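One structure is given below, encoded as C-alpha coordinates.
Just so you know, these numbers come straight off a predicted model, no measurement behind them. So that the names make sense, note that chain A is the first sequence line, chain B the second, and so on, each numbered from 1.
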Number of protein chains: 2
Amino acid sequence: MEYLGGKISIDVNDKVFLKDPRSSKLGNKIIEGAIDLIDEIGFEEFTFRKLASSINSTEASVYRYFENKHNLLVYLTLWYWGWLEYRLVFRLVNVEDPYERLDRAIKTLTEPIKQDSDFTQIDEVKLNRIVISESSKIYLHKLVELDNSHGFFKPYKDLVQRVCDIILEINPGYKYPHMLISTCIEGAHHQRFFAEHLPRLTDILPDEDAVTTFYLDLIKKAIQK
Amino acid sequence: MEYLGGKISIDVNDKVFLKDPRSSKLGNKIIEGAIDLIDEIGFEEFTFRKLASSINSTEASVYRYFENKHNLLVYLTLWYWGWLEYRLVFRLVNVEDPYERLDRAIKTLTEPIKQDSDFTQIDEVKLNRIVISESSKIYLHKLVELDNSHGFFKPYKDLVQRVCDIILEINPGYKYPHMLISTCIEGAHHQRFFAEHLPRLTDILPDEDAVTTFYLDLIKKAIQK
DNA sequence: TATTTTTAATAGTAACACTATTATATTTGT
DNA sequence: ACAAATATAATAGTGTTACTATTAAAAATA
(Lines give C-alpha, C1' and ligand atoms only; values in the text may rest on other atoms or scores of the structure.)
Protein backbone atom coordinates (compact mmCIF):
# COMPACT_ATOMS: atom_id res chain seq x y z
CA MET A 1 0.00 0.00 0.00
CA GLU A 2 1.30 3.43 -0.92
CA TYR A 3 -0.63 6.69 -0.80
CA LEU A 4 1.83 9.53 -0.81
CA GLY A 5 5.24 8.17 -1.71
CA GLY A 6 7.32 9.38 1.20
CA LYS A 7 5.96 12.94 1.18
CA ILE A 8 4.49 12.85 4.70
CA SER A 9 5.71 11.90 8.14
CA ILE A 10 4.15 10.91 11.46
CA ASP A 11 4.57 13.57 14.15
CA VAL A 12 5.48 12.34 17.63
CA ASN A 13 4.92 14.29 20.87
CA ASP A 14 8.13 16.27 21.36
CA LYS A 15 8.15 15.78 25.12
CA VAL A 16 9.25 12.20 24.54
CA PHE A 17 12.69 13.07 23.14
CA LEU A 18 15.47 15.51 24.08
CA LYS A 19 16.38 16.09 20.43
CA ASP A 20 14.18 15.06 17.49
CA PRO A 21 15.68 11.89 16.01
CA ARG A 22 14.16 12.82 12.63
CA SER A 23 16.36 15.94 12.54
CA SER A 24 19.74 14.27 11.96
CA LYS A 25 21.41 11.31 10.33
CA LEU A 26 22.47 9.89 13.71
CA GLY A 27 18.91 10.31 15.04
CA ASN A 28 17.48 8.27 12.16
CA LYS A 29 20.11 5.60 12.69
CA ILE A 30 19.14 5.45 16.39
CA ILE A 31 15.49 4.76 15.49
CA GLU A 32 16.29 2.19 12.81
CA GLY A 33 18.94 0.53 14.99
CA ALA A 34 16.63 0.48 18.03
CA ILE A 35 13.86 -1.24 16.05
CA ASP A 36 16.30 -3.89 14.81
CA LEU A 37 17.91 -4.45 18.20
CA ILE A 38 14.77 -4.47 20.39
CA ASP A 39 13.11 -6.87 17.94
CA GLU A 40 16.20 -9.08 18.11
CA ILE A 41 17.04 -9.21 21.83
CA GLY A 42 13.93 -7.82 23.60
CA PHE A 43 13.49 -4.65 25.66
CA GLU A 44 14.96 -6.00 28.92
CA GLU A 45 18.26 -6.97 27.29
CA PHE A 46 18.32 -3.82 25.14
CA THR A 47 20.73 -1.10 26.38
CA PHE A 48 21.93 2.19 24.92
CA ARG A 49 25.48 0.80 24.99
CA LYS A 50 24.52 -2.14 22.77
CA LEU A 51 22.48 0.15 20.50
CA ALA A 52 25.37 2.60 20.13
CA SER A 53 27.81 -0.17 19.28
CA SER A 54 25.40 -1.63 16.70
CA ILE A 55 25.23 1.70 14.83
CA ASN A 56 28.91 2.64 15.39
CA SER A 57 28.18 5.50 17.76
CA THR A 58 28.51 6.03 21.49
CA GLU A 59 26.24 5.63 24.49
CA ALA A 60 26.47 9.35 25.37
CA SER A 61 25.36 10.34 21.88
CA VAL A 62 22.22 8.24 22.18
CA TYR A 63 21.52 9.92 25.52
CA ARG A 64 21.47 13.27 23.70
CA TYR A 65 18.34 12.10 21.88
CA PHE A 66 16.48 10.16 24.60
CA GLU A 67 16.52 10.51 28.37
CA ASN A 68 16.35 6.72 28.78
CA LYS A 69 15.31 3.56 27.00
CA HIS A 70 11.76 3.84 28.35
CA ASN A 71 11.23 7.08 26.44
CA LEU A 72 12.73 5.56 23.28
CA LEU A 73 10.17 2.74 23.53
CA VAL A 74 7.42 5.34 24.08
CA TYR A 75 8.65 7.13 20.93
CA LEU A 76 8.39 3.95 18.86
CA THR A 77 4.93 3.19 20.25
CA LEU A 78 3.65 6.72 19.64
CA TRP A 79 4.92 6.57 16.07
CA TYR A 80 3.09 3.26 15.65
CA TRP A 81 -0.23 4.55 17.01
CA GLY A 82 0.07 7.65 14.84
CA TRP A 83 0.80 5.53 11.79
CA LEU A 84 -2.10 3.20 12.56
CA GLU A 85 -4.51 6.14 12.88
CA TYR A 86 -3.27 7.47 9.52
CA ARG A 87 -3.90 4.07 7.95
CA LEU A 88 -7.33 3.88 9.58
CA VAL A 89 -8.35 7.30 8.25
CA PHE A 90 -7.34 6.30 4.72
CA ARG A 91 -9.19 3.00 4.89
CA LEU A 92 -12.40 4.71 6.10
CA VAL A 93 -12.46 7.79 3.89
CA ASN A 94 -15.39 7.90 1.43
CA VAL A 95 -16.94 4.81 3.02
CA GLU A 96 -20.40 5.74 4.29
CA ASP A 97 -22.00 2.56 5.60
CA PRO A 98 -21.20 2.31 9.34
CA TYR A 99 -21.15 -1.51 9.28
CA GLU A 100 -18.61 -1.47 6.47
CA ARG A 101 -16.65 1.23 8.35
CA LEU A 102 -16.59 -0.89 11.52
CA ASP A 103 -15.51 -3.96 9.59
CA ARG A 104 -12.62 -2.05 8.02
CA ALA A 105 -11.64 -0.49 11.35
CA ILE A 106 -11.46 -3.82 13.18
CA LYS A 107 -9.45 -5.35 10.35
CA THR A 108 -7.04 -2.40 10.46
CA LEU A 109 -6.55 -2.93 14.19
CA THR A 110 -6.24 -6.71 14.23
CA GLU A 111 -4.88 -7.96 10.90
CA PRO A 112 -1.18 -8.81 10.51
CA ILE A 113 0.94 -5.82 9.50
CA LYS A 114 2.54 -5.50 6.06
CA GLN A 115 5.39 -3.21 5.09
CA ASP A 116 4.23 0.36 4.31
CA SER A 117 6.18 1.91 1.44
CA ASP A 118 5.13 5.43 2.47
CA PHE A 119 7.64 5.23 5.34
CA THR A 120 10.74 3.52 4.02
CA GLN A 121 12.89 4.28 7.06
CA ILE A 122 10.64 2.34 9.44
CA ASP A 123 10.28 -1.43 9.32
CA GLU A 124 6.61 -1.68 10.29
CA VAL A 125 6.69 -5.48 10.50
CA LYS A 126 9.43 -5.41 13.13
CA LEU A 127 7.82 -2.44 14.84
CA ASN A 128 4.53 -4.33 15.04
CA ARG A 129 6.31 -7.25 16.75
CA ILE A 130 7.84 -4.76 19.21
CA VAL A 131 4.46 -3.15 19.91
CA ILE A 132 2.95 -6.60 20.53
CA SER A 133 5.74 -7.79 22.85
CA GLU A 134 6.89 -4.61 24.55
CA SER A 135 4.46 -1.71 24.29
CA SER A 136 2.35 -2.59 27.33
CA LYS A 137 5.51 -2.02 29.39
CA ILE A 138 5.21 1.69 28.68
CA TYR A 139 2.09 1.98 30.84
CA LEU A 140 2.56 -0.95 33.22
CA HIS A 141 4.89 1.00 35.49
CA LYS A 142 4.68 3.40 38.42
CA LEU A 143 5.22 6.60 36.40
CA VAL A 144 2.28 6.02 34.03
CA GLU A 145 0.39 9.03 35.34
CA LEU A 146 3.36 11.31 34.66
CA ASP A 147 3.62 10.02 31.09
CA ASN A 148 -0.13 10.48 30.72
CA SER A 149 0.14 14.10 31.89
CA HIS A 150 2.66 14.64 29.08
CA GLY A 151 0.04 13.42 26.61
CA PHE A 152 1.88 10.22 25.69
CA PHE A 153 -1.36 8.25 25.48
CA LYS A 154 -3.31 10.73 23.39
CA PRO A 155 -2.62 8.99 20.03
CA TYR A 156 -3.94 5.75 21.52
CA LYS A 157 -7.04 7.49 22.91
CA ASP A 158 -7.64 9.19 19.55
CA LEU A 159 -7.44 5.87 17.74
CA VAL A 160 -9.84 4.20 20.19
CA GLN A 161 -12.24 7.17 19.96
CA ARG A 162 -12.47 6.96 16.17
CA VAL A 163 -13.72 3.37 16.39
CA CYS A 164 -16.00 4.22 19.34
CA ASP A 165 -17.70 6.81 17.17
CA ILE A 166 -18.53 4.18 14.57
CA ILE A 167 -19.92 1.86 17.24
CA LEU A 168 -22.08 4.63 18.69
CA GLU A 169 -23.37 5.41 15.20
CA ILE A 170 -24.50 1.79 14.88
CA ASN A 171 -25.80 1.48 18.44
CA PRO A 172 -26.00 4.82 20.32
CA GLY A 173 -27.12 3.00 23.46
CA TYR A 174 -24.05 0.74 23.78
CA LYS A 175 -22.52 1.50 27.17
CA TYR A 176 -18.96 0.21 26.93
CA PRO A 177 -17.44 1.21 23.56
CA HIS A 178 -14.03 2.19 25.00
CA MET A 179 -13.69 -1.05 26.94
CA LEU A 180 -14.73 -3.01 23.87
CA ILE A 181 -12.19 -1.40 21.56
CA SER A 182 -9.25 -1.37 23.95
CA THR A 183 -10.06 -5.00 24.85
CA CYS A 184 -9.95 -5.74 21.12
CA ILE A 185 -6.68 -3.92 20.41
CA GLU A 186 -4.79 -5.28 23.42
CA GLY A 187 -6.43 -8.68 23.04
CA ALA A 188 -5.40 -9.02 19.39
CA HIS A 189 -1.79 -8.29 20.42
CA HIS A 190 -1.96 -10.89 23.17
CA GLN A 191 -3.48 -13.50 20.89
CA ARG A 192 -0.79 -13.00 18.24
CA PHE A 193 1.87 -13.28 20.94
CA PHE A 194 0.26 -16.45 22.33
CA ALA A 195 -0.12 -17.92 18.84
CA GLU A 196 3.61 -17.54 18.29
CA HIS A 197 5.00 -18.40 21.73
CA LEU A 198 2.30 -20.19 23.76
CA PRO A 199 0.01 -21.78 21.16
CA ARG A 200 -1.78 -23.97 23.68
CA LEU A 201 -3.35 -20.81 25.13
CA THR A 202 -5.25 -19.94 21.94
CA ASP A 203 -7.38 -21.57 19.26
CA ILE A 204 -5.21 -21.99 16.19
CA LEU A 205 -6.98 -22.96 13.01
CA PRO A 206 -4.96 -23.59 9.84
CA ASP A 207 -5.60 -21.44 6.78
CA GLU A 208 -7.55 -18.79 8.64
CA ASP A 209 -6.72 -15.55 10.41
CA ALA A 210 -8.49 -16.70 13.56
CA VAL A 211 -7.54 -13.55 15.49
CA THR A 212 -9.31 -11.14 13.13
CA THR A 213 -12.26 -13.50 12.64
CA PHE A 214 -12.66 -13.86 16.40
CA TYR A 215 -12.63 -10.11 17.15
CA LEU A 216 -14.91 -9.26 14.19
CA ASP A 217 -17.44 -11.77 15.51
CA LEU A 218 -17.00 -10.67 19.14
CA ILE A 219 -17.54 -6.97 18.46
CA LYS A 220 -20.47 -7.42 16.09
CA LYS A 221 -22.31 -9.58 18.62
CA ALA A 222 -21.41 -7.28 21.53
CA ILE A 223 -22.99 -4.17 20.01
CA GLN A 224 -26.17 -5.85 18.77
CA LYS A 225 -29.25 -4.23 20.24
CA MET B 1 -14.71 -16.29 52.61
CA GLU B 2 -13.14 -19.19 54.54
CA TYR B 3 -13.36 -22.85 53.69
CA LEU B 4 -10.59 -24.68 55.47
CA GLY B 5 -9.08 -22.34 58.02
CA GLY B 6 -5.40 -22.45 57.08
CA LYS B 7 -5.23 -26.25 56.72
CA ILE B 8 -4.27 -26.26 53.03
CA SER B 9 -1.66 -24.54 50.88
CA ILE B 10 -1.20 -23.78 47.19
CA ASP B 11 1.58 -25.81 45.58
CA VAL B 12 3.88 -23.96 43.21
CA ASN B 13 6.03 -25.60 40.52
CA ASP B 14 9.34 -26.31 42.23
CA LYS B 15 11.41 -25.41 39.17
CA VAL B 16 10.66 -21.75 39.88
CA PHE B 17 12.67 -21.57 43.10
CA LEU B 18 16.08 -22.79 44.28
CA LYS B 19 14.82 -23.44 47.81
CA ASP B 20 11.14 -23.58 48.73
CA PRO B 21 10.30 -20.28 50.45
CA ARG B 22 7.51 -22.06 52.39
CA SER B 23 10.17 -24.23 54.10
CA SER B 24 11.75 -21.60 56.34
CA LYS B 25 11.03 -18.46 58.29
CA LEU B 26 13.29 -16.37 56.05
CA GLY B 27 11.60 -17.81 52.95
CA ASN B 28 8.17 -16.74 54.18
CA LYS B 29 9.49 -13.28 55.00
CA ILE B 30 10.89 -13.05 51.45
CA ILE B 31 7.44 -13.75 49.95
CA GLU B 32 5.59 -11.38 52.27
CA GLY B 33 8.23 -8.69 51.90
CA ALA B 34 8.31 -9.07 48.11
CA ILE B 35 4.52 -8.62 47.87
CA ASP B 36 4.69 -5.46 49.98
CA LEU B 37 7.68 -4.00 48.16
CA ILE B 38 6.64 -4.79 44.55
CA ASP B 39 3.17 -3.39 45.26
CA GLU B 40 4.79 -0.27 46.69
CA ILE B 41 7.56 0.56 44.19
CA GLY B 42 6.78 -1.57 41.11
CA PHE B 43 8.73 -4.44 39.56
CA GLU B 44 11.28 -2.33 37.65
CA GLU B 45 12.42 -0.50 40.80
CA PHE B 46 12.27 -3.67 42.91
CA THR B 47 15.67 -5.26 43.64
CA PHE B 48 16.82 -8.10 45.89
CA ARG B 49 19.01 -5.59 47.75
CA LYS B 50 15.99 -3.41 48.63
CA LEU B 51 13.94 -6.50 49.52
CA ALA B 52 16.70 -7.84 51.78
CA SER B 53 17.04 -4.53 53.55
CA SER B 54 13.26 -4.29 54.06
CA ILE B 55 13.20 -7.68 55.85
CA ASN B 56 16.56 -7.23 57.64
CA SER B 57 18.38 -9.86 55.64
CA THR B 58 21.00 -9.82 52.88
CA GLU B 59 20.91 -9.86 49.10
CA ALA B 60 22.87 -13.14 48.91
CA SER B 61 20.37 -14.85 51.21
CA VAL B 62 17.49 -13.94 48.91
CA TYR B 63 19.50 -15.37 46.01
CA ARG B 64 19.55 -18.71 47.81
CA TYR B 65 15.78 -18.91 47.33
CA PHE B 66 15.32 -17.41 43.84
CA GLU B 67 17.69 -17.30 40.88
CA ASN B 68 16.53 -13.75 40.02
CA LYS B 69 13.63 -11.36 40.49
CA HIS B 70 11.91 -12.66 37.36
CA ASN B 71 11.49 -16.09 38.93
CA LEU B 72 10.23 -14.53 42.17
CA LEU B 73 7.54 -12.73 40.15
CA VAL B 74 6.73 -16.01 38.40
CA TYR B 75 6.38 -17.63 41.84
CA LEU B 76 3.90 -14.99 42.99
CA THR B 77 1.92 -15.29 39.74
CA LEU B 78 1.81 -19.09 39.88
CA TRP B 79 0.59 -18.94 43.47
CA TYR B 80 -2.11 -16.51 42.35
CA TRP B 81 -3.33 -18.67 39.45
CA GLY B 82 -3.33 -21.71 41.72
CA TRP B 83 -5.31 -19.83 44.34
CA LEU B 84 -7.78 -18.55 41.75
CA GLU B 85 -8.35 -22.08 40.42
CA TYR B 86 -8.98 -23.29 43.99
CA ARG B 87 -11.52 -20.48 44.47
CA LEU B 88 -13.13 -21.29 41.13
CA VAL B 89 -13.52 -24.96 41.97
CA PHE B 90 -15.20 -24.10 45.28
CA ARG B 91 -17.56 -21.62 43.68
CA LEU B 92 -18.62 -24.16 41.02
CA VAL B 93 -18.92 -27.32 43.10
CA ASN B 94 -22.49 -28.66 43.37
CA VAL B 95 -23.74 -26.11 40.82
CA GLU B 96 -25.21 -28.01 37.88
CA ASP B 97 -26.69 -25.42 35.52
CA PRO B 98 -23.99 -24.50 32.96
CA TYR B 99 -25.28 -20.90 32.63
CA GLU B 100 -25.06 -20.42 36.37
CA ARG B 101 -21.61 -22.07 36.34
CA LEU B 102 -20.42 -19.72 33.58
CA ASP B 103 -21.78 -16.69 35.41
CA ARG B 104 -19.94 -17.67 38.58
CA ALA B 105 -16.73 -18.44 36.67
CA ILE B 106 -16.66 -15.05 34.93
CA LYS B 107 -17.34 -13.27 38.20
CA THR B 108 -14.53 -15.21 39.89
CA LEU B 109 -12.14 -14.13 37.12
CA THR B 110 -13.17 -10.49 36.84
CA GLU B 111 -14.54 -9.23 40.18
CA PRO B 112 -12.35 -7.24 42.57
CA ILE B 113 -10.39 -9.45 44.98
CA LYS B 114 -11.11 -9.61 48.70
CA GLN B 115 -8.80 -10.90 51.40
CA ASP B 116 -8.91 -14.71 51.77
CA SER B 117 -8.67 -15.83 55.37
CA ASP B 118 -7.66 -19.35 54.33
CA PHE B 119 -4.18 -18.01 53.50
CA THR B 120 -3.26 -15.52 56.18
CA GLN B 121 0.38 -15.14 55.11
CA ILE B 122 -0.52 -13.82 51.67
CA ASP B 123 -2.14 -10.44 51.13
CA GLU B 124 -4.35 -11.31 48.15
CA VAL B 125 -5.44 -7.72 47.59
CA LYS B 126 -1.86 -6.54 47.12
CA LEU B 127 -1.04 -9.67 45.13
CA ASN B 128 -3.98 -8.99 42.81
CA ARG B 129 -2.66 -5.48 42.17
CA ILE B 130 0.76 -7.00 41.39
CA VAL B 131 -0.76 -9.56 39.01
CA ILE B 132 -2.68 -6.78 37.23
CA SER B 133 0.33 -4.46 36.88
CA GLU B 134 3.25 -6.85 36.58
CA SER B 135 2.28 -10.42 35.66
CA SER B 136 2.23 -9.93 31.90
CA LYS B 137 5.95 -9.16 32.18
CA ILE B 138 6.58 -12.82 32.97
CA TYR B 139 5.65 -13.89 29.45
CA LEU B 140 6.40 -10.72 27.48
CA HIS B 141 10.11 -11.50 27.25
CA LYS B 142 12.49 -13.49 25.08
CA LEU B 143 12.77 -16.53 27.37
CA VAL B 144 9.04 -17.23 27.49
CA GLU B 145 9.42 -20.54 25.66
CA LEU B 146 11.98 -21.76 28.21
CA ASP B 147 9.63 -20.87 31.07
CA ASN B 148 6.82 -22.60 29.20
CA SER B 149 8.93 -25.75 28.84
CA HIS B 150 9.30 -25.75 32.65
CA GLY B 151 5.52 -25.76 32.92
CA PHE B 152 5.25 -22.27 34.39
CA PHE B 153 2.07 -21.54 32.42
CA LYS B 154 0.26 -24.75 33.23
CA PRO B 155 -1.80 -23.29 36.12
CA TYR B 156 -2.98 -20.53 33.78
CA LYS B 157 -3.87 -23.03 31.04
CA ASP B 158 -5.71 -25.21 33.56
CA LEU B 159 -7.75 -22.25 34.75
CA VAL B 160 -8.64 -21.22 31.18
CA GLN B 161 -9.52 -24.80 30.31
CA ARG B 162 -12.01 -25.13 33.18
CA VAL B 163 -13.99 -22.17 31.85
CA CYS B 164 -13.64 -23.38 28.24
CA ASP B 165 -15.28 -26.64 29.28
CA ILE B 166 -18.33 -24.75 30.56
CA ILE B 167 -18.56 -22.74 27.34
CA LEU B 168 -18.37 -25.89 25.21
CA GLU B 169 -21.09 -27.46 27.35
CA ILE B 170 -23.35 -24.49 26.52
CA ASN B 171 -22.31 -24.22 22.86
CA PRO B 172 -20.23 -27.19 21.63
CA GLY B 173 -19.81 -25.51 18.25
CA TYR B 174 -18.14 -22.34 19.54
CA LYS B 175 -14.77 -22.15 17.81
CA TYR B 176 -12.73 -19.77 19.98
CA PRO B 177 -13.25 -20.58 23.68
CA HIS B 178 -9.56 -20.19 24.65
CA MET B 179 -9.27 -16.81 22.92
CA LEU B 180 -12.50 -15.68 24.55
CA ILE B 181 -11.44 -16.62 28.09
CA SER B 182 -7.86 -15.37 27.89
CA THR B 183 -9.17 -12.14 26.29
CA CYS B 184 -11.53 -11.84 29.25
CA ILE B 185 -8.91 -12.53 31.97
CA GLU B 186 -6.21 -10.27 30.51
CA GLY B 187 -8.80 -7.69 29.46
CA ALA B 188 -10.29 -7.44 32.94
CA HIS B 189 -6.80 -6.81 34.33
CA HIS B 190 -6.19 -4.12 31.73
CA GLN B 191 -9.52 -2.43 32.36
CA ARG B 192 -8.93 -2.30 36.12
CA PHE B 193 -5.48 -0.83 35.50
CA PHE B 194 -6.91 1.74 33.08
CA ALA B 195 -9.75 2.60 35.45
CA GLU B 196 -7.21 3.44 38.15
CA HIS B 197 -4.45 5.10 36.11
CA LEU B 198 -5.84 6.09 32.68
CA PRO B 199 -9.60 6.49 33.23
CA ARG B 200 -10.16 8.21 29.90
CA LEU B 201 -9.40 4.89 28.19
CA THR B 202 -12.36 3.10 29.73
CA ASP B 203 -16.06 3.60 30.43
CA ILE B 204 -16.43 4.38 34.12
CA LEU B 205 -19.92 4.30 35.50
CA PRO B 206 -20.52 5.22 39.14
CA ASP B 207 -22.09 2.64 41.45
CA GLU B 208 -21.52 -0.27 39.13
CA ASP B 209 -18.76 -2.81 38.61
CA ALA B 210 -18.58 -1.97 34.91
CA VAL B 211 -15.69 -4.38 34.28
CA THR B 212 -17.57 -7.49 35.40
CA THR B 213 -20.83 -6.32 33.79
CA PHE B 214 -19.02 -5.70 30.50
CA TYR B 215 -17.31 -9.11 30.34
CA LEU B 216 -20.42 -11.00 31.47
CA ASP B 217 -22.35 -9.36 28.63
CA LEU B 218 -19.53 -9.84 26.11
CA ILE B 219 -19.08 -13.55 26.77
CA LYS B 220 -22.79 -14.39 26.87
CA LYS B 221 -23.36 -12.69 23.53
CA ALA B 222 -20.22 -14.21 21.98
CA ILE B 223 -21.22 -17.82 22.64
CA GLN B 224 -24.85 -17.44 21.54
CA LYS B 225 -25.71 -19.83 18.75
C1' DT C 1 30.35 -33.85 72.25
C1' DA C 2 32.12 -34.10 67.60
C1' DT C 3 30.85 -34.03 62.94
C1' DT C 4 28.10 -33.17 59.20
C1' DT C 5 24.88 -30.44 56.99
C1' DT C 6 22.20 -26.42 56.43
C1' DT C 7 21.82 -21.62 56.37
C1' DA C 8 23.27 -16.84 56.02
C1' DA C 9 26.72 -13.03 55.74
C1' DT C 10 30.94 -10.81 53.69
C1' DA C 11 33.07 -9.18 50.01
C1' DG C 12 33.65 -9.10 45.83
C1' DT C 13 32.99 -8.56 39.84
C1' DA C 14 31.12 -7.18 35.49
C1' DA C 15 27.69 -4.69 33.36
C1' DC C 16 24.29 -0.99 33.43
C1' DA C 17 22.14 3.74 33.72
C1' DC C 18 23.39 8.04 33.44
C1' DT C 19 26.51 12.56 33.43
C1' DA C 20 30.31 16.18 33.37
C1' DT C 21 33.61 17.60 30.51
C1' DT C 22 36.23 18.00 26.37
C1' DA C 23 36.87 17.72 21.39
C1' DT C 24 35.25 18.22 16.74
C1' DA C 25 32.26 19.64 13.17
C1' DT C 26 28.96 22.88 11.24
C1' DT C 27 26.75 27.18 10.81
C1' DT C 28 26.60 32.08 10.88
C1' DG C 29 28.14 36.91 10.63
C1' DT C 30 31.04 40.14 8.67
C1' DA D 1 36.99 33.82 3.21
C1' DC D 2 37.69 33.55 7.90
C1' DA D 3 36.59 33.97 12.84
C1' DA D 4 33.14 33.43 16.23
C1' DA D 5 29.33 31.08 17.73
C1' DT D 6 26.79 27.11 17.97
C1' DA D 7 25.63 22.35 17.44
C1' DT D 8 27.11 17.73 17.79
C1' DA D 9 29.60 13.72 19.42
C1' DA D 10 33.31 11.33 22.04
C1' DT D 11 36.01 10.48 26.37
C1' DA D 12 36.05 9.22 30.73
C1' DG D 13 34.09 8.93 34.45
C1' DT D 14 30.24 7.74 38.99
C1' DG D 15 27.04 5.20 41.54
C1' DT D 16 24.02 1.19 41.26
C1' DT D 17 22.49 -3.31 39.89
C1' DA D 18 22.59 -8.35 39.08
C1' DC D 19 24.83 -11.98 40.46
C1' DT D 20 28.65 -15.15 42.71
C1' DA D 21 32.66 -17.21 45.35
C1' DT D 22 33.96 -17.78 49.71
C1' DT D 23 33.67 -17.77 54.60
C1' DA D 24 31.21 -17.90 59.02
C1' DA D 25 27.57 -19.33 62.04
C1' DA D 26 23.81 -22.21 63.37
C1' DA D 27 21.28 -26.51 63.50
C1' DA D 28 20.86 -31.32 63.01
C1' DT D 29 22.71 -35.78 63.41
C1' DA D 30 25.95 -39.53 64.92
For [X], which contact category applies under a 4.0 Å heavy-atom criterion: base, sugar-phosphate, or nothing?
X     : value
B:S24 : nothing
A:K50 : sugar-phosphate
B:F66 : nothing

Whole Å only: how far is the [atom1] atom of [X] from the [atom2] atom of [N]?
X     : N      : atom1 : atom2 : value
A:Y63 : C:dT21 : OH    : P     : 18 Å
A:L51 : C:dA17 : CG    : C1'   : 14 Å
A:D20 : D:dT8  : CG    : P     : 11 Å
B:I55 : C:dT7  : CD1   : P     : 16 Å
A:F46 : C:dC16 : CZ    : C1'   : 13 Å
B:F48 : D:dT20 : CZ    : P     : 11 Å
A:N56 : D:dA9  : CG    : C1'   : 14 Å
B:N68 : C:dC16 : CG    : P     : 16 Å

Check whether any side-chain nitrogen or oxygen of [X] sits under 4.0 Å from OP1 or OP2 of [N], and answer yes or no.
X     : N      : answer
A:S57 : D:dA10 : yes
B:S61 : C:dA9  : yes
B:Y65 : C:dT7  : no

Out of [options], which nucleotide sits closest to the side chain of [X]?
X     : options                : answer
A:A60 : D:dT11, C:dA17, D:dA18 : D:dT11
A:K19 : D:dT8, C:dT7, D:dT17   : D:dT8
B:K69 : D:dA18, D:dT11, C:dA17 : D:dA18

- [ ] Using a 4.5 Å cut-off on heavy atoms from C-beta on, say whether the side chain of B:Q161 contacts that of B:H178.
- [x] yes
Open item on the list: Within the structure provided, determine whether B:S24 and B:K19 are in side-chain contact (heavy-atom separation under 4.5 Å).
Closed with: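 Sidechains of B:K19 and B:S24: in contact.
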Task: Residue of the set A:T212, A:T213, A:D209 for which side-chain hydrogen bond (donor to acceptor under 3.5 Å, both in side chains) holds with A:T110 - done: A:T212
TODO: Specify the residue among B:R49 and B:L26 whose closest nucleotide of DNA chain C lies further upstream toward the 5′ end.
DONE: B:L26
Open item on the list: Between B:H190 and B:F194, is the ring centroid distance below 6.0 Å?
Closed with: yes
- [ ] Apply the salt bridge (Lys or Arg N to Asp or Glu O under 4.0 Å) test between B:E85 and each candidate in B:K154, B:R162, B:K157; give the one that qualifies.
- [x]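 Testing each of B:K154, B:R162, B:K157 against B:E85, the sole residue satisfying salt bridge (Lys or Arg N to Asp or Glu O under 4.0 Å) is B:R162.
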TODO: Look at the side chain of A:E59 against the base of C:dC18 and say whether a donor-acceptor pair falls under 3.5 Å; ignore hydrogens and angles.
DONE: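 Such a pair exists between side chain and base.
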